[in-house]
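For clarity, every value in this text was computed on a predicted model and none was experimentally measured. Whatever order the structure lists ligands and atoms in, that order sets their numbers, starting from 1. Numbers here simply count residues along the sequence, with the first being 1.
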Amino acid sequence: MNADLRYTFAMRTLHWLIFLLALFAVSAIEVHDLFPKGSLARTILFEIHQSAGLSVFALMVLRLLARLVTNIPPPVPGPRLLQRIAGLTHGILYLLMFAMPVLGVLAVAWAGEPIEAIGMTLPLFLGKNDGLALLAKDIHESGATLVYIFVGLHAAAALWHQFVMKDGVLRRML
Ligand code: HEM
Ligand code: HEM
């Protein structure tokens, strides 16, 4: 494949790092449900969730900057409608990866709890508000469903290209 048609090293590295961290965040919070409230394991898994989620946010900032300053390959050749759907899905994924950490932080801060992440306790910066905490948590949890749907569709499309169409699209990101 023509090297010009691959994403840059920075974009490829950030894509897969963010994928792994998001997977880590989701796995930690799903497993945390198996432990009783107040248990050490549940607390540690929630801390891992917050740390991985905040790392996603930090790397998304770098990724957005990398996207703005590096060359992005042109859309995969094909019907214009499919190119639009792929572009829209990528936009939604950007939005979700920024919005999920922000909503998570708001949910914790409005609940009047400190953010426990990356071995640090981040100070509270918002007043306690149970109504807003619940709202942020509800939107965060609905957002999680959207993450599953859009990452699922996106990964299925990548695998369809790789194994059915065999057109090398996955290699643009490897
Ligand atoms: C990419 C980033 C993130 C993703 C994909 C994500 C995903 C999720 C998922 C899948 C759940 C479980 C939803 C459910 O059980 O219905 C959840 C719950 C939650 N997340 Fe996140 N999250 C992210 C970042 C964060 C961050 C940075 C924080 C806070 C600093 C946070 C705080 C929370 C809270 C408070 C809950 C509810 C936990 C509970 O009470 O059961 N999340 N998140
Ligand atoms: C948290 C999970 C994921 C997110 C948020 C995500 C997000 C994105 C975004 C936004 C792009 C467009 C390039 C850019 O502007 O950055 C992209 C491209 C790509 N992703 Fe993902 N992705 C995820 C997981 C995956 C997985 C699991 C696969 C493979 C199974 C995959 C394969 C690809 C490929 C092949 C491209 C290049 C598509 C093209 O050139 O049009 N991604 N991804």
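Under a 3.5 Å cut-off, the side chain of H161 and the backbone N or O of L170 do not form any donor-acceptor pair. Counting only distance, with no hydrogens or angles, the side chain of S142 and the backbone of D138 share a donor-acceptor pair below 3.5 Å. Using modelled atom types, one side-chain atom of Q83 and one backbone atom of V76 make a donor-acceptor pair closer than 3.5 Å. Distance alone, capped at 3.5 Å, places no donor-acceptor pair between the S51 side chain and the A117 backbone. No donor-acceptor pair under 3.5 Å is formed between the side chain of R12 and the backbone N or O of M173. With hydrogens and angles ignored, the 3.5 Å screen pairs a side-chain donor or acceptor of H32 with a backbone N or O of I29.
Within the listing of ligand 2, atoms 35 (C) sit less than 4.0 angstrom from a heavy atom of V169. Within ligand 2, the atoms closer than 4.0 Å to a non-hydrogen atom of V76 are 41 (O), numbered from 1 in the order shown. Contact atoms of ligand 2 toward A158: 29 (C), 32 (C) (distance under 4.0 Å to a heavy atom of the residue). Residue H32 has at least one heavy-atom neighbour below 4.0 Å for each of these atoms of ligand 1: 41 (O). Taking every non-hydrogen atom of G53 and a distance limit under 4.0 Å, the qualifying atoms of ligand 1 come out as 2 (C), 24 (C), 27 (C). Close approach of ligand 1 to Y148 (heavy-atom distance below 4.0 Å) involves ligand atoms 10 (C).
Contacts with ligand 2 closer than 4.0 Å are made by no heavy atom of L23, backbone or side chain. Counting heavy atoms under 4.0 Å from ligand 1, residue I29 touches it through the side chain alone. Under 4.0 angstrom from ligand 1, the non-hydrogen atoms of A144 all belong to its side chain. In W16, the part holding a heavy atom less than 4.0 Å from any atom of ligand 2 is the side chain. In F46, the part holding a heavy atom less than 4.0 Å from any atom of ligand 1 is the side chain. Contact annotation for F98 and ligand 1: no heavy atom of the residue comes within less than 4.0 Å of the ligand. Of the heavy atoms in V151, only side-chain atoms (C-beta onward) come closer than 4.0 Å to ligand 2.
Cation-pi geometry between R67 and Y7 is not met at under 6.0 angstrom from the ring centre and within 45 degrees of the axis.
When only interatomic distances are considered, the shortest N/O to N/O separation between R172 and ligand 2 falls below 3.5 Å. For ligand 2, none of its N or O atoms has an N or O atom of H90 under 3.5 Å away. Residue H140 places at least one N or O, backbone or side chain, under 3.5 Å from an N or O of ligand 1. Close N/O approach between H49 and ligand 1 is found [any backbone or side-chain N/O within under 3.5 Å].
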Chi angles and distances behind the side chain to side chain contact (heavy atoms under 4.5 Å, CB included) call for L93, H154: CA-CA 9 Å; L93 289 172; H154 172 71; 3.6 Å; yes
Worked check of side chain to side chain contact (heavy atoms under 4.5 Å, CB included) between L95 and F150: CA-CA 11 Å; L95 198 70; F150 283 97; over 6 Å; no
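Taking all heavy atoms of R63, Q83, H161 into account, the minimum distance to atom 8 (C) of ligand 2 is reached by R63. The residue among M60, E141, K137 with a heavy atom at the shortest distance from atom 40 (O) of ligand 1 is K137. Summarising the contacts of atom 5 (C) of ligand 2 with M173, R12, M97, the nearest heavy atom is found in M97. When Y94, F19, F150 are checked for heavy-atom proximity to atom 10 (C) of ligand 2, Y94 turns out nearest.
Assignment of L54 to the shell around ligand 1 is supported, since a heavy atom sits closer than 4.0 Å. Residue-ligand proximity: L170 is placed with a non-hydrogen atom under 4.0 Å from ligand 2.
Summarising the geometry, atom NE2 belonging to H15 is positioned 13.0 Å from atom CG belonging to L59; distances are rounded to the nearest 0.5 Å. In this structure, CD1 in I85 is found 10.0 Å from CG in L153, a value given to the nearest 0.5 Å.
Note on V147 and L54: same hydrophobic cluster, where clusters join Ile, Leu, Val, Met, Phe, Trp and Tyr whose side-chain heavy atoms are under 4.5 Å apart, directly or indirectly.
Scanning all protein heavy atoms for the shortest distance to atom 37 (C) of ligand 2 gives Y7 CE1, 3.7 Å. Protein heavy atom in closest approach to atom 15 (O) of ligand 2: R67 NE, 2.5 Å. Scanning the protein heavy atoms around atom 3 (C) of ligand 1, the nearest turns out to be M100 CB, 3.8 Å. Of all protein heavy atoms, the one closest to atom 1 (C) of ligand 1 is V56 CG1, 3.8 Å. The protein non-hydrogen atom at the shortest distance from atom 26 (C) of ligand 1 is G104 CA, 4.0 Å. Ranking the protein heavy atoms by distance from atom 4 (C) of ligand 2 puts L93 CD1, 4.2 Å first.
Geometry about atom 21 (Fe) of ligand 2 gives an angle of 180° between NE2 of H154 and NE2 of H15, rounded in steps of 10 degrees.
Ring geometry for H140 against H49 counts as perpendicular: the plane angle is over 60°, on a 0 to 90° scale with 30° as the lower cut. Classification of the F19-W16 ring pair by plane angle, with boundaries at 30° and 60°, yields perpendicular.
Residue F98 places its CZ atom among more than 12 non-hydrogen atoms of other residues, nucleotides or ligands, all under 6.0 Å distant. Counting heavy-atom neighbours within 6.0 Å of N71 CG, excluding the residue itself, gives a total of 12 or less.
With contacts defined as side-chain heavy-atom distances shorter than 4.5 Å, the pair I115/V105 qualifies.
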